[in-house]
Amino acid sequence: MPELPEVETVRRALEKRLVGLKVTAYELGRPTFYRRPPAQALKSLVGSTIEAVRRRGKYLLLSLSGKQELALHLGMSGRLILAKANGSHKPHLRFSLFIDGQALEFHDARRFGRVGCRLPELGPEPLDAAFNAHYLRQALRGRKAPIKALLMDQEIVAGIGNIYATEALFASGIRPDRKAGRLSAGEIKRLGSAIKKILARAVELGGSTLEDNAYLDPLGQPGRFQEVISIYGRKTDPCGHALKATKKPLAGRTSLYCPVCQK
DNA sequence: ACGAGTACCTGGCAGC
DNA sequence: TGCTGCCAGGTACTCG
């Protein structure tokens, strides 16, 4: 599932291959009713040059000449693929941008992705200095929601989803259903550092590609963070303890933890 | 303001 | 084997 490390990996690949090139055409995939890509927004890009590829949280931003910007969210199954410009016609292709002999294709089986969307309010980037123990303490103060739900709240910190929230809580020894406002200063400090460490490592390894292959980079390469994942999608933790799921889902998500290592 | 719950979509898989 | 039904996920919405 694309979270910050996966989107950042996509960003780097596109930046390397697309900056300075011109959009020559676009094409919509098979018509759909649910979240149809806005043809107008794509059309207005034709003739513009890609000046930068940026990222904010899980959003990818194509900055083009003429102050144009196209925001993309991959949802859970969205995939950006760089292909030869003759264009493929896979069933889940939603649109293609033709860029100097290449095609940038947006495929999205489950159609949770968004194109040409406006960015919502987003909290700090977790790898920036502004995201630190002090900030996190302020943000969690008095909150009664489970800590995992707040880690996945994009207004508190941008870019974390189920995989990295699960891993960060395991690494800092905190149960996902603890009330956020009840964490000690020490726990918050550990949690903040764990988030930074895990996300930075995941970016280095090119993100996580789980068994379902939901995520592949624009050249079709899988990430390697799944090789060092401690508990997400596993049955036992690295010590061999059987993992448990919380009784209630948190923020609507099943939540895995180690009943021995997480307090 | 906050927390909980739900709809949206569809491939894949468990269970019959 | 073939079917049904449920689950996964992020966001935006509603409701209390």
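Both backbone and side-chain heavy atoms feed into the values below; hydrogens, waters and symmetry mates do not.
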request  = State, without any angle test, whether A:Thr49 and A:Lys22 hold a side-chain donor-acceptor pair at a distance under 3.5 Å.
outcome  = no

task = Name the residue closer to the 5' end of DNA chain B, choosing between A:Ala145 and A:Tyr34 according to the nucleotide with the nearest heavy atom.
result = A:Ala145

message = Within the 4.5 Å heavy-atom criterion, are A:Phe106 and A:Leu74 side-chain neighbours or not?
response = yes

ask   = Using the C1' atoms of the five pairs at each end, what is the angle between the end axes of the helix from B:dC2-C:dG16 to B:dC16-C:dG2, to 10°?
value = 50°

message = Taking 4.0 Å as the cut-off, does a side-chain nitrogen or oxygen of A:Ser77 come that near to OP1 or OP2 on B:dC9?
response = no

query = Taking atom types as modelled and ignoring hydrogens, do the side chains of A:Thr209 and A:Gln226 form a donor-acceptor contact shorter than 3.5 angstrom?
reply = no

task = Please report, rounded to the nearest Å, how far the C1' atom of C:dT11 is from the CZ atom of A:Arg114.
result = 6 Å

remark   = From CE of A:Met152 across to P of B:dA4 the rounded distance in Å is 12 Å

key: Euclidean distance, atom CD of residue A:Glu121 to atom P of B:dC2 [Å, nearest integer]   = 13 Å

query = Between A:Tyr59 and A:His73, what is the ring plane arrangement, given parallel below 30°, perpendicular above 60°, and tilted in between?
reply = perpendicular

inquiry  = If you take the centroid of each ring, where Trp contributes its six-membered ring, are A:Tyr164 and A:Phe225 closer together than 6.0 Å?
reply    = yes

key: A:His241 atom NE2, over 12 foreign heavy atoms within 6.0 Å   = yes

request  = Would you mind telling me which of C:dT11, B:dT10, B:dC8 lies closest to the side-chain atoms of A:Tyr59?
outcome  = C:dT11

Atom pairs under 3.5 Å: protein N/O with N/O of nucleotides 11-13 of chain B:
unit_1: B:dG11; atom_1: OP1; unit_2: A:His92; atom_2: NE2; d: 3.3

key: Interatomic distance where CD1 belongs to A:Ile163 and C1' belongs to C:dA8 [whole Å]   = 11 Å

inquiry  = Test your reading of the model: is there a side-chain donor-acceptor pair from A:Arg55 to the backbone of A:Gly57, 3.5 Å cut-off?
reply    = yes

task = State which of C:dA8, C:dA12, B:dG3 makes the closest approach to the side chain of A:Arg143.
result = B:dG3

task = Write down the distance between CG (A:Leu210) and P (C:dC7), rounded to a whole number of angstrom.
result = 19 Å

query = So, is A:Lys58 close to the C:dT11 phosphate, meaning a side-chain N or O under 4.0 Å from OP1 or OP2?
reply = yes

ask   = Checking all strands, does A:Pro249 fall into the base, sugar-phosphate, or nothing category for heavy-atom contacts under 4.0 angstrom?
value = nothing

key: Check: A:Thr246/A:Asp177 side-chain N/O donor and acceptor closer than 3.5 Å   = no

inquiry  = Please report the distance, rounded to the nearest Å, between CG in A:Leu256 and P in C:dC7.
reply    = 16 Å

query = In whole Å, what is the span from the CZ atom of A:Phe112 to the P atom of C:dC7?
reply = 15 Å

B:dC8 phosphate, OP1 or OP2, under 4.0 Å from A:Arg35 side-chain N/O = no

task = Would you mind reading off the distance between A:Glu155 atom CD and C:dC13 atom P, rounded to a whole angstrom?
result = 12 Å

query = Looking only at heavy atoms, which two atoms of A:Thr166 and A:Asn162 are closest? And how far apart?
reply = OG1-O, 2.6 Å

query = Has the side chain of A:Glu69 got a donor or acceptor atom that lies under 3.5 Å from a matching backbone atom of A:Leu61?
reply = no

